[in-house]
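Quick notes on the structure that follows.
Letters A, B, ... are given to chains in the order of the sequence lines, protein chains preceding strands, and every chain is numbered from 1.
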Number of protein chains: 2
Amino acid sequence: MNFSIEEIRNKLSEKGLKVTPQRLAILDAIYRSGDHPTAENIIEYIRHRNPNIAAGTVYKVLETLIENKLVKKVYTDKDVMRYDGILENHHHLYCTDSDIIKDYIDEELDDLLRDYFKNHKIKGFNINEVVVQLKGSFDKP
Amino acid sequence: MNFSIEEIRNKLSEKGLKVTPQRLAILDAIYRSGDHPTAENIIEYIRHRNPNIAAGTVYKVLETLIENKLVKKVYTDKDVMRYDGILENHHHLYCTDSDIIKDYIDEELDDLLRDYFKNHKIKGFNINEVVVQLKGSFDKP
DNA sequence: GTGGTTGCAAACCCTTTGCACGGCA
DNA sequence: TGCCGTGCAAAGGGTTTGCAACCAC
C-alpha cells in the first residue's frame, strides 16, 4: 500500500481537513508500515524527518483520522493501540508467538460470510461488519 | 454460565494452583457476569463480600488465570481490558453504540469456517483459532 | 515449614488534556 | 485574518511491580 504524498493530501482535503505536514507524515507512516504500527512506532518513524513532532499531536491526529475514517484501530489483547490504514473489509492474522499482526484479504471468505449471515439473522442484532481474527503462528524461517 | 464454588475450586486445583478466597471470588465474578467484565467491574463486584481485596491482586490473579487458560482476554478497540470465562470456541457481538460485548456461539458457523480453512490454507501461517467479530448494533428496546 | 499469594502503595506507561503559539485556508 | 492545528508539559487512569506479611498445602 503506497500512496504518493499528493494522494494523501487529497484524502485529507476531501474530508475537509487542513493539510499539515504532521498529518501527511502520520498517514504516510501508517501506509508505509507493512505491519500495524503502534503510536510509538509512528512517532519513531516520523522523528527521522520531523524531530519536533509532539507525542500528543500524534495521538490527536490519529483520533482525527479515525473520526474521518482514514484509519482504523486494530483490536488486540494487548494494552497498546495499533492502527491500520486499510479501509476495505479485511481480516487479521494474529501471531501468538510474536506481536505481528498481518492483514488477510479474502473476498471469497467475505462472500461466504455474507451469505451465511444473510440466512442466519441474529435476533436483536444488526450486523454492520464481520471481521475474522485468525490466531496462530507463522512458520519459522 | 454458573459453576458452583466446588467446581471452581476443582478447576483451580486441576491446574495446580492454590485455592485462595481471592481466586475463587474472581473466577466466580467472571462466571456470574453476563457481560465481559473489566478489571474494575470485577473489583467492584468482589468488594461487596471481600472489601479488602487489592486491585493489584486482581490483576495478578487475572494474569495467572489467563496463563492457565481458565480465562481469556477479549480483543477490543478500547483501552481497558475485558475478560471472558467461556473457553470453548465462540464469537462476539460488538455493539457500536454501547460498550456491550455479547457472546455468540454458533457451531454451524464453526463448521463452515473449519471446512473453509481446511481447503484454503494460508501460506506460512498455521491457524489455531478462528474468532469472528460481528460489529453492529442491538435493536433499541 | 515454606514457597506461592496477597495487600499496599508507589511506579509505570500509554494516552489525554489545557493552553498559548503558530500556520493553513 | 480567523481559526484550526500543534507543541509542550502536566495530568490522568489503567496496569504493573516490589516487598513484607500471610496462608494454603
Spacing between B:Asp77 atom CG and C:dT15 atom P, to the nearest angstrom: 13 Å

Give me the atom names and distance for the closest heavy-atom approach of B:Leu24 to B:Ile5. CD2-O, 4.2 Å

Distance-only, no hydrogens or angles: does the B:Arg9 side chain make a donor-acceptor pair with backbone N or O of B:Val19 under 3.5 Å? no

Quick one: does NZ or CZ of A:Lys102 land under 6.0 Å from the six-membered ring centre of B:Phe125, within 45 degrees of the ring axis? no

Whole angstroms only, please: what is the CG-C1' distance between A:Leu12 and D:dT6? 15 Å

Rounding to an integer number of Å, can you tell me how far B:Met81 CE sits from C:dT15 P? 12 Å

Atom CG of A:Asn50 to atom P of D:dG5: distance rounded to whole Å? 17 Å

Phosphate-side-chain proximity, A:Gln22 and C:dG23, N/O vs OP1/OP2 below 4.0 Å: no

B:Lys78 NZ to D:dG13 P, straight-line distance once rounded to whole Å: 17 Å

Mapping B:Asp79 and B:Ala55 to their closest nucleotides on DNA chain C, which lands nearer the 5' end? B:Ala55

Whole angstrom value for the distance that separates P of D:dG14 from CG of B:Asp99: 13 Å

Scan nucleotides 17-25 of chain D nucleotide by nucleotide, 5' to 3', and note B when protein non-hydrogen atoms come under 4.0 Å of the base, S if they reach only the sugar-phosphate, - if neither. BBB----BS

Rounded interatomic separation in angstrom, taking CG from B:Asn41 and P from D:dG13: 17 Å

Answer yes if the side chains of B:Asp110 and B:His91 hold a donor-acceptor pair under 3.5 Å, and no otherwise. yes

B:Glu40 CD to D:dT15 C1', in whole Å, measures 12 Å

Could you tell me how the ring of A:His48 sits relative to the ring of A:Tyr45: parallel (under 30°), tilted (30 to 60°) or perpendicular (over 60°)? tilted

Answer with base, sugar-phosphate or nothing: what part of the nucleic acid does A:Ala39 contact at a heavy-atom distance below 4.0 Å? sugar-phosphate

Kindly give the heavy-atom pair with the smallest separation between A:Val58 and A:Ala39, and that separation in Å. CG1-O, 4.5 Å

Hey, are B:Asn41 and B:His36 close enough side-chain-wise for a donor-acceptor pair under 3.5 Å? no

Closest to the A:Val80 side chain, choosing from C:dC14, C:dT6, D:dT6: C:dC14

